[in-house]
Amino acid sequence: MTAQIDHALEEIRRFRPSPEFAAQSVADPGLYEAARTDRLGFWADQARSLLQWEKPFTRTLDWSNPPFAKWFDDGELNVAVNCLDRHVAAGLGDRVAIHWEGEPGDSRTITYAELTDEVKRAANVLTDLGVGEGDRVAIYLPMIPEAVVSMLAVARIGAIHSVVFGGFSAESLASRIDDAEASVVITADGGFRKGKIFPLKLTVDDALERSAGSVKQVLVVRRGENEVAWNDERDHWWHETVGRASNDHEPKAFGAEQPLFILYTSGTTGKPKGILHTSGGYLTQAAFTHKNVFDLHPERDVYWCTADVGWITGHSYVVYGPLANGATQVLFEGTPDTPHPGRWWEIVEKYGVTILYTAPTAIRSFMKLGRQIPHEFNLRTLRVLGSVGEPINPEAWIWYRHVIGGGSIPVVDTWWQTETGAIMISALPGITDLKPGSAQVPIPGISVDILTDEGEHIVGEGGGLLVITEPWPSMLRGIWGDPERFKETYWEKFGDKYFAGDGARRDEDGDFWLLGRVDDVMNVSGHRLSTAEIESSLVAHPWTAEAAVVGAHDETTGQAVVAFVILKASQEEHGNDAVLASEELRTHVARQIGPIARPRQVFIVNELPKTRSGKIMRRLLRDLAEGREIGDTTTLADTSIMQIISAQVR
Ligand code: PRX
């Protein structure tokens, strides 16, 4: 990480928007001025112009009980109507909403009229299954259109969805179901991943055996056509219920603060946090940023965000932002390299994709494979490229612009979080002079700052902790069921300012450079993982006595999980095969949490570096994992310990 940042700081290239691009830009520089002059008025204007309100709001922000914000709270709207019905009513029913591409190469084209119909049917079925306003529905699906339909159907009836990424294990799914007390799960028999079927329904069955029992009904989409066990009392096929349901559904308007979804994300403790988002403010900022950051021209663009709907990027920039804006988009079920390493570029060519939004990890893996693969395809339709999830190093930025973008199109690096709900820091193409490696400037209406650890504003250039100084429309409204943790995690450190958990630096032009997490959260391939969560999984294994986990720099994935484990004495008696133990523990973590959490390395050691008070000094382990000289060891209880550990690791 440090090497990458040092490099970034030497970066001096600047790219001005081309006059042609600037001339057709959706965003105009006046947005910044408008937001500066009257921030709340600016957001109220956006909410009114981007969304359809059944009952207009008169109050923009209620911040009388910080950190619990209310935006537009006396207004009423229906989120699904905003994403669907109103476009159909405006005569856009025949516009393609989704070009869906399945992993094996099957595809479906779904218009706004068809998507609206399907969501109405699904809404009727959910109501029949007993789902009412405010009830939680867990969604555990592959990247198929039914995932989008399910989310919107839940929203349409004022219920709350909790989408769980299909790569999570039964145990992770069960804990999320229990925390939210979901009453229904929507899943599929199986999904395709790298040419194989992964059996989602089986995992749901397993999760429901482990869970406390809130789930009464399971709705199952047929996708993998694999065999599934069936519980007649509880399980329903999607095609037999939604397929036969009426497409007549009268939407109700809900208050702007009606909860829309919970999405679990890793924090600094072992237990994932259920981040809660609500309706009016969230949709306003998702739509505003989707339109302006990607320069969306819905009548001619074909937009593609490669994120899975199981992550926040999929929520805001596959489902809510694009559909609220009436965009045409690609939805892809597969991975970048199946069945061949040009799969993504083939899709760009096939659908004439104009806007591509993806993660630096993906760009770096393509870089490794070389430019000849993308060059076999026609990528000339592309006109805006986006990046999200982790810092993008200038080399990857330049490669993305040149090899994928043909050398002249804008690349926007967007900084935000599950908690922020929508993009917070990003260039606006057509306006901003681009700087590779920097996320650049807060979007209009967003106020950020960099503070010292003591909470002092850093004047001018300098590095410190990133904070958001004013409430914003798509901010999280809390942690599900845990208001204290919400206050503690984000608001205790700096009072009324939101502490993001990221380090950042401001340069002489006032542009922001993100420097990675400052807490025990790792970022692997743009996915958030907590060291504590993986450590608790490791110590849950019967062989483990103690474990410490660090995020180490990785060429491709940004960071990688590296674990140091002390085995139990009883284990040593059984031969103590370090290679076997390390493999077993890697698999164990993947099984317990999900394959994304599988450590790159598990080192079996006899000691861990601890301070006199017994705190593990992860910083020293990170030095070791990254092959650096070991830093200051003077606060260790035993200063020779790092030499012993280094010898064991080598
Ligand atoms: O550390 C930052 C990093 O990802 C974290 C948020 O992760 P998550 O909630 O999973 O959301 C990811 C997608 C929005 C942040 O705290 N991060 C995200 N985008 C960037 C980034 N770091 C640097 N540059 C970015 N553009």
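Order of listing sets the numbers, starting from 1, for every ligand and every atom in it. Hydrogens, waters and symmetry mates play no part in the numbers below; they use all other heavy atoms, side chains included. All values reported here derive from a predicted model rather than from experimental measurement.
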**Prompt:** If you measure from each heavy atom of G501 to ligand 1, is any distance below 4.0 Å?
**Reply:**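 Not so, G501 does not reach ligand 1.
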
**Asked** If you measure from each heavy atom of G389 to ligand 1, is any distance below 4.0 Å?
**Response**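 Within the 4.0 Å threshold, so yes.
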
Any idea which part of [X] is under 4.0 Å from ligand 1, heavy-atom wise: side chain, backbone, both or neither?
X: N523; value: side chain
X: P391; value: both
X: T418; value: both

**Message:** For the backbone of E419 and the side chain of Y490, can you confirm whether one donor and one acceptor N or O come within less than 3.5 Å of each other?
**Reply:**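 Looks like no, no N/O pair under 3.5 Å.
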
**Asked** Are the side chain of D295 and the backbone of V26 linked by a donor-acceptor contact shorter than 3.5 Å?
**Response**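 Answer holds: yes.
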
**Asked** Identify the closest protein heavy atom to atom 25 (C) of ligand 1: which residue and atom is it, and at what distance?
**Response**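 For this ligand atom, the closest protein heavy atom is E390 O, 3.5 Å.
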
**Request:** Among all protein heavy atoms, pick the one closest to atom 13 (C) of ligand 1 and tell me residue, atom and distance.
**Result:**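 Heavy-atom neighbour on the protein nearest atom 13 (C) of ligand 1: T313 OG1, 3.5 Å.
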
Would you mind listing which atoms of ligand 1 come within a distance below 4.0 Å of any non-hydrogen atom of [X]?
X: D413; result: 25 (C), 26 (N)
X: R528; result: 6 (C), 7 (O), 8 (P), 9 (O), 10 (O)
X: V388; result: 13 (C), 14 (C)

**Prompt:** So, do F494 and F499 have ring centers that fall under 6.0 Å from each other?
**Reply:**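 Ring centroids of F494 and F499 are less than 6.0 Å from each other.
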
**Prompt:** Judging by distance only, is a nitrogen or oxygen of S387 under 3.5 angstrom from one on ligand 1?
**Reply:**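 Min N/O separation from ligand 1 is not below 3.5 Å for S387.
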
**Message:** If I apply the N/O under 3.5 Å rule, does D502 come out as touching ligand 1?
**Reply:**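 For ligand 1, there is an N or O atom that lies under 3.5 Å from one belonging to D502.
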
**Item:** Identified salt bridge (charged side-chain N to carboxylate O under 4.0 Å, His left out) counterpart of D337 within the set K194, R343, R193
**Value:**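 Looking at K194, R343, R193, the match for D337 under the salt bridge (charged side-chain N to carboxylate O under 4.0 Å, His left out) is K194.
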
**Request:** Please determine if R505 forms a cation-pi arrangement with F512, meaning its NZ or CZ atom is less than 6.0 Å from the six-membered ring centre and no more than 45° off the ring axis.
**Result:**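 Pair R505/F512 does not count as cation-pi.
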
**Prompt:** Does NZ or CZ of R401 fall inside the cone over F15's six-membered ring, less than 6.0 Å from its centre and within 45° of the axis?
**Reply:**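 Yes, a cation-pi geometry holds between R401 and F15.
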
**Message:** Just by distance, no angles: are the side chains of Y282 and S316 close enough, under 3.5 Å, to form a donor-acceptor pair?
**Reply:**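 Yes.
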
**Prompt:** Any idea how F261 and H161 line up, ring-wise: parallel (<30°), tilted (30 to 60°), or perpendicular (>60°)?
**Reply:**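 Correct class here is parallel.
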
